[in-house]
Undergrad: 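The following block contains the structure, expressed as structure tokens.
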Protein chains: 2
Amino acid sequence: MSTPTLRDVAEAAGVHAATASRALNPETRRLVNSDTARRVIKAAEALGYQPNPIARSLKTSKSGTIGLVLPDLTNPLFPPIVRGIEDVLGPAGFSALIVNTDNDPAREQQQVMTLRSRQVEGLIVATARLEHPLLQQLHEQGVRMVLVNRRTDDLDVPSITPDDARGVELAVEHLVKLGHTRIAHLAGPQSTSTGVVRARAFHSALRGHGLDDDPALLVTCDYWSEEEGARALRQVLDGGAEFTAVVAGNDLIALGCYDVFAERGIDCPGEVSVVGFNDMPFLDKLRPPLTTVAVPHHQIGVEAGRMLLESIHEPDRSPRSVFLPLSLVVRGSTAAAPASRA
Amino acid sequence: MSTPTLRDVAEAAGVHAATASRALNPETRRLVNSDTARRVIKAAEALGYQPNPIARSLKTSKSGTIGLVLPDLTNPLFPPIVRGIEDVLGPAGFSALIVNTDNDPAREQQQVMTLRSRQVEGLIVATARLEHPLLQQLHEQGVRMVLVNRRTDDLDVPSITPDDARGVELAVEHLVKLGHTRIAHLAGPQSTSTGVVRARAFHSALRGHGLDDDPALLVTCDYWSEEEGARALRQVLDGGAEFTAVVAGNDLIALGCYDVFAERGIDCPGEVSVVGFNDMPFLDKLRPPLTTVAVPHHQIGVEAGRMLLESIHEPDRSPRSVFLPLSLVVRGSTAAAPASRA
DNA sequence: TTGTAGGCGTTATCAA
DNA sequence: TTGATAACGCCTACAA
């Protein structure tokens with residue numbers, strides 16, 4: 001015999017299915033005589049009754065699932081965020097459906113369609129670009145969502161991001177204390193809030209320390225990747241401007257620098273110091289171990305999960321945005337500036 | 001107005017809902033006049049009709065979801081497998097629900113319950129232990145599943161694993177060619193097929209090359225972790241037996257060796273060579289870059305997805321197991337054996 | 001080839 | 001407090 005249904009339980013308890021439903025659902029249990037309730041619950045246990053969430057969904061039009069839109073799960077940034085989200089969602093009875101967009105808007109659109117057709121009750125989105133028509137449109141359609149890591153311009157949607165500006169300040173401060181005065185920035189894509197905010201914070205940090213802000217020391221990467229990081233560093237190097245330190249847009253870009261160091265025989269941190277951003281796993285095993293800004297990824301997930309649950313349960317709350325505090329992890333890729341050759 | 005239903009489409013096309021259903025479903029389209037079909041399809045497009053998979057599930061008792069049981073998504077091994085699975089499942093109309101067990105059997109049981117209550121149509125399981133009562137029980141209950149990475153004893157369930165034995169052979173062969181004769185193995189947990197198979201293959205490879213198989217050169221790790229790897233290597237070192245190379249159970253264990261090298265001032269590969277297993281990302285950025293056995297993780301996912309689909313669509317096929325070929329990636333952590341000090 | 005009717009398992013509404 | 005009834009959106013015998 002197959003799995004017992006509510007009817008079976010009701011029958012076993014000698015009540016109507018509707019009553020059994022009420023007794024089994026904590027929300028409505030108070031509507032039923034506590035003796036009957038007990039009886040129903042006991043019957044349910046005896047039969048090993050498991051409610052069928054699909055039938056429930058059909059009736060309530062609540063799927064108990066949310067969608068998680070990532071660029072690429074393979075980026076070590078995301079798994080801890082996913083775990084954080086699930087740690088909050090699971091106990092609340094929700095499951096996450098994960099999709100990867102590979103930064104392809106067409107694919108993203110298609111994947112979001114899939115999620116919506118599966119009736120997700122909300123979206124956690126890690127792929128936001130500053131201009132993002134799809135998100136705009138979803139928002140207008142009243143789709144509940146929370147942005148993580150990145151934000152979108154002019155869109156009143158809650159977001160959970162690291163305090164990127166503060167992270168860059170920490171990095172610059174650290175380098176300045178080590179005596180660096182000529183610092184380059186390999187910025188991330190300027191289509192993302194992360195890329196823009198970090199670059200802007202970099203400039204203002206330089207000015208804050210009274211350093212000059214040489215345009216030759218800023219290169220923008222088209223992707224958050226090693227290849228782009230390498231390309232960007234080569235470009236600075238080939239430009240001929242002097243510098244003794246690099247603030248990389250993120251760890252992958254910093255790893256690209258390592259490739260160029262090897263390629264050109266540059267000593268890090270002897271000749272050039274590097275700071276990354278994110279604190280990916282295993283960075284301490286590199287040579288030199290990478291100094292970087294640690295982002296509380298798990299926490300980002302937790303907060304995002306909470307915020308989405310909140311907006312599901314209290315749809316009228318006005319959206320808040322959260323900036324999570326960051327810390328600098330000093331390792332071996334940064335050292336005192338070499339004696340000035342000027 | 002909310003999302004259009006099948007009825008709306010039918011009405012728009014001037015047919016009955018049943019006809020619309022038949023027209024929209026490729027399986028049954030041939031039952032309907034091709035003109036009517038065209039009309040229905042056009043109406044569906046005009047309205048932006050999306051079938052409600054929940055309603056469909058309730059009727060067909062097919063959820064279109066499968067469960068993916070992982071120890072921990074945060075282990076870089078798994079994301080590529082997940083992507084591989086989704087690459088196959090997505091186009092087939094399935095979505096994956098991912099759960100993490102943290103290697104805790106109680107948590108695993110609870111998570112699997114959740115998955116089953118969500119009516120997943122099958123399970124892909126990466127947490128198999130050799131003795132695994134839960135899997136045994138699920139199998140007896142007729143739950144469709146595919147094992148990845150690891151297998152289970154005495155259970156007639158399809159599995160997709162790397163050809164672990166061959167991988168170890170490749171590693172040992174490589175070391176022998178470099179002149180190593182005293183080789184240690186830091187084995188993974190012997191509760192997993194992976195740990196056992198690799199250890200067994202290690203012994204037989206040594207014998208195959210006529211080397212002696214000193215028990216002092218084998219230590220078993222309780223977990224696949226850096227900490228355990230470090231502990232195991234210290235144990236070999238402290239045992240005093242001579243050796244010039246290590247075959248680590250996996251990359252994390254190898255990373256633990258790096259910690260011990262740093263701690264004790266041992267030169268790798270000058271004094272000791274190390275080979276890992278898995279080829280995690282960024283291993284080429286370590287110092288020295290880690291020589292390791294590359295496992296086709298994405299492909300494992302693809303094959304697992306395919307096999308699960310197969311067993312869903314043709315339940316009577318007898319289970320097959322697949323061993324995927326491996327290759328050795330030679331990097332900087334292995335070098336010629338130092339001149340014998342004997 | 002198309003329509004009718006019934007039901008998948010649950011919950012919401014109404015009446016008793 | 002409980003029961004009867006209908007409905008969520010879809011699919012599928014069966015009948016026409």
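Here is the naming used below: chain letters follow the sequence lines, and residue numbers restart at 1 for every chain.
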Undergrad: Over all strands shown, is Thr36(A) touching base, sugar-phosphate only, or nothing at heavy-atom distances under 4.0 angstrom?
TA: sugar-phosphate

Undergrad: Separation of Asn52(B) atom CG from dA7(D) atom P, in whole Å?
TA: 18 Å

Undergrad: In whole Å, what is the span from the CZ atom of Arg7(B) to the P atom of dT4(C)?
TA: 11 Å

Undergrad: Can you give one letter per nucleotide of nucleotides 11-16 of chain D, 5' to 3': B if a protein heavy atom sits under 4.0 Å from the base, S if only from the sugar-phosphate, - if neither?
TA: BBB---

Undergrad: When all nucleic acid strands are considered with a 4.0 Å heavy-atom cut-off, which category describes Leu31(A): base, sugar-phosphate, or nothing?
TA: base

Undergrad: Looking only at non-hydrogen atoms, find the nearest pair between Ser321(A) and Arg151(A) and report the distance.
TA: OG-NH2, 3.7 Å

Undergrad: Can you tell me the distance, in whole Å, between the CD atom of Glu11(A) and the P atom of dT10(C)?
TA: 14 Å

Undergrad: Can you give me the closest heavy-atom contact between Leu24(A) and Ala44(A), atom names plus distance?
TA: CD1-CB, 4.1 Å

Undergrad: Under 3.5 Å, is there a donor-acceptor pair between the Thr65(B) and Ser63(B) side chains?
TA: yes

Undergrad: Testing the 3.5 Å rule here: is there a donor-acceptor pair between the side chains of Thr161(B) and Arg150(B)?
TA: no

Undergrad: Do His297(A) and Asn149(A) have side-chain atoms, one donor and one acceptor, less than 3.5 Å apart?
TA: no

Undergrad: In whole Å, what is the span from the CZ atom of Arg38(B) to the P atom of dT1(C)?
TA: 13 Å

Undergrad: Between dG9(D) atom P and Gln119(A) atom CD, what is the distance in whole Å?
TA: 9 Å

Undergrad: Under 3.5 Å, is there a donor-acceptor pair linking the side chains of His132(B) and Gln137(B)?
TA: no

Undergrad: If you assign Leu58(A) and Arg30(B) each to the DNA chain C nucleotide with the nearest heavy atom, which residue ends up on the more 5' nucleotide?
TA: Arg30(B)

Undergrad: Any non-hydrogen side-chain atom of Leu308(A) less than 4.5 Å from a side-chain atom of Ile66(A)?
TA: yes

Undergrad: Whole angstrom is fine here: how far is it from CG in Leu24(A) over to C1' in dG9(C)?
TA: 13 Å

Undergrad: Rounding to a whole Å, what distance do you find between Ile54(B):CD1 and dC8(C):P?
TA: 19 Å

Undergrad: Has His16(A) got a side-chain N or O lying under 4.0 Å from the OP1 or OP2 atom of dA4(D)?
TA: yes

Undergrad: Within less than 4.0 Å of OP1 or OP2 of dC8(D), is there a side-chain N or O belonging to Ser61(A)?
TA: no

